[in-house]
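Everything below concerns the one structure shown next.
Keep in mind the model is a prediction, meaning the values are calculated, not measured.
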Amino acid sequence: MTTLQPIIGVAANERRDAGDDMGHMAISYNPSGYIKAVQLVGGLPIMIPIGDPMHAKRYISMIDKLVLAGGQNVAPEFYGEVETIKSSDYNRERDAFEIALINEAIKQNKPIVGVCRGMQLVNVALGGSLNQQIQNHWQEKAMTQTSHDVLISKHSPLDLIYGRKAHVNSFHRQSLKQLAPQLEVIAKSLDDHIVEAVQSTDPNLRFLGIQWHPDFMYNVRDEDLAFFRYAVFNL
């Protein structure tokens, strides 16, 4: 008997200008690393485009698990603060839609995986907050190279994948500040103790979030592909 592939919904991003030759056409897209990695480990990825939050229930009903990818800063009004930095790197429509996806996934008991911004947004959706700007966590190295060490909690899912200490890449300018009540920290950066990974402590919420980007590394390092294998089949 053929086992059905888990359907993994990857929340999409938007770009107003794709830099093409067709009048700077806007696009909806997923970074290909998420798609390729999910396919390689045996999942069936589908893209969930930004849309009306009222449609979140239907979208979540169509998938087995939800992946929230990296991207823009999370707008501070979603965690009760005013903007303290000068930045145009926001998409409030995306924030609102993905928060609706998160809330609906929790209602439908669907696991959630958050990468970079995705981890930050789940923390916000659950009542936490963010540091609007941090230093030294946007590396100048290539995406497939690593830049700093993280310490991982013993017996956590990431310990099984990466071990107690991992060298990771880093592409974020925000970080977790106030941790949501339902979450616990399972990894921090070695040098400055920035939160690098969290998981849920609520038995009714299956969530794993990491701050680094295995989607950039899945095809050059076994551990990062193993992260996706865990996310697709074990979370």
Side-chain angles (χ1 to χ4, degrees), residues 8 10-21 24 26-41 43 45 47 67-74 85-91 94 113-122 130-152 157-176 186-198 208-232:
I8 310 301
V10 185
N13 203 348
E14 288 180 353
R15 182 178 294 174
R16 294 196 179 111
D17 183 354
D20 54 36
D21 297 323
H24 301 288
I27 59 170
S28 295
Y29 69 96
N30 281 139
S32 63
Y34 297 96
I35 303 303
K36 296 295 186 182
V38 168
Q39 290 172 331
L40 276 174
V41 301
M47 183 176 77
V67 173
L68 300 167
Q72 299 92 340
N73 294 333
V74 178
I85 60 172
K86 291 184 178 180
S87 175
S88 59
D89 191 25
Y90 296 108
N91 186 332
R94 183 185 182 191
V113 179
V115 175
C116 198
R117 163 199 155 87
M119 181 183 82
Q120 297 169 7
L121 189 66
V122 171
L130 304 178
N131 296 303
Q132 293 188 36
Q133 184 167 297
I134 60 171
Q135 304 298 321
N136 304 319
H137 277 262
W138 191 283
Q139 70 186 46
E140 296 182 359
K141 296 180 179 181
M143 294 184 298
T144 54
Q145 295 182 348
T146 56
S147 61
H148 72 88
D149 290 317
V150 298
L151 295 179
I152 295 172
L158 296 179
D159 180 17
L160 301 176
I161 298 168
Y162 291 95
R164 294 295 310 282
K165 184 178 179 181
H167 205 56
V168 300
N169 58 18
S170 190
F171 293 95
H172 61 108
R173 296 188 175 94
Q174 297 190 320
S175 68
L176 270 60
I186 58 171
K188 286 187 175 183
S189 56
L190 180 61
D191 292 336
D192 54 8
H193 310 294
I194 294 292
V195 175
E196 292 281 344
V198 295
L208 177 62
I210 61 174
Q211 192 63 73
W212 62 92
H213 279 268
D215 52 302
F216 296 159
M217 302 279 290
Y218 75 95
N219 57 350
V220 298
R221 191 167 69 166
D222 291 342
E223 297 97 309
D224 294 293
L225 185 61
F227 171 84
F228 282 99
R229 186 174 294 110
Y230 177 87
V232 170

### Nearest-0.5 Å distance that lies between atom CZ in R15 and atom CG in N91
12.5 Å
#### Entry: Spacing of I35 atom CD1 and Q39 atom CD [to the nearest 0.5 Å]
6.5 Å
### Message
Within the 4.5 Å heavy-atom criterion, are V41 and Y230 side-chain neighbours or not?
### Response
no
### Over all atoms of both residues, closest heavy-atom pair of P214 and F227
CG-CD2, 3.6 Å
### Message
Under the criterion side-chain contact (heavy atoms from CB on, under 4.5 Å), I'd like the reasoning laid out for Q120 against H172: C-alpha separation, chi angles, the key distance, then a yes or no.
### Response
CA-CA 10 Å; Q120 297 169 7; H172 61 108; 4.2 Å; yes
### V115 side chain near H213 side chain, heavy-atom distance below 4.5 Å
yes
### Query
Rounded to the nearest 0.5 Å, how far apart are CD1 of I134 and CD1 of I194?
4.5 Å
### Message
Show the nearest heavy-atom pair for residues A11 and A69, with the distance to one decimal.
### Response
O-CB, 4.4 Å
#### Entry: For D89, all residues meeting side-chain contact (heavy atoms from CB on, under 4.5 Å), sequence neighbours excluded
Q72, N73, S87
### Query
Given side chains that start at C-beta, do those of V195 and Q211 come closer than 4.5 Å, heavy atoms only?
no
### Query
Between A197 and L158, what is the shortest heavy-atom contact and its length?
CB-CD1, 3.3 Å
### Query
In chain order, what residues pass the side-chain contact (heavy atoms from CB on, under 4.5 Å) check against T146, with sequence neighbours excluded?
H167, M217, R221
### Query
Shortest non-hydrogen contact from I152 to A187?
CG1-CB, 4.0 Å
### Query
Would you say the side chain of V113 lies within less than 4.5 Å of the side chain of F228, judging by non-hydrogen atoms?
no
### Query
Who passes side-chain contact (heavy atoms from CB on, under 4.5 Å) against D222, sequence neighbours left out?
none
### Query
Who are the ring-ring contact (aromatic ring centres under 6.0 Å, His included) partners of Y34, not counting sequence neighbours?
none
### Query
In Å and rounded to the nearest 0.5 Å, what is the CG to CD distance from N169 to Q139?
5.5 Å
### Task
Would you please name every residue forming a side-chain hydrogen bond (donor to acceptor under 3.5 Å, both in side chains) with Y162, sequence neighbours left out?
W212, D224
### Query
Which residue, I8, V67, L40, forms the side-chain contact (heavy atoms from CB on, under 4.5 Å) with V232?
I8
### Task
Report, as yes or no, whether the 6.0 Å neighbourhood of atom CG on N136 holds more than 12 heavy atoms from other residues, nucleotides or ligands.
no
### Query
Which residues satisfy the side-chain contact (heavy atoms from CB on, under 4.5 Å) test with L151, sequence neighbours excluded?
K165, L190
### Message
Any heavy-atom pair between the side chains of Q174 and Q132 that's under 4.5 Å?
### Response
yes
### Query
Do H148 and E196 come within less than 4.5 Å of each other through their side chains, counting heavy atoms only?
yes
### Query
Heavy-atom distance under 4.5 Å between the side chains of I186 and L208, does that happen here?
yes
### Query
What's the spacing between Q145 CD and F216 CZ if we round to 0.5 Å?
13.0 Å
## Note on the structure
Closest non-hydrogen atoms of L225 and A37, given as atom of the first, atom of the second and distance, are CD1-O, 4.1 Å
### Query
Could you state the interatomic distance from CZ (R94) to CG (N13), rounded to the nearest 0.5 Å?
4.0 Å
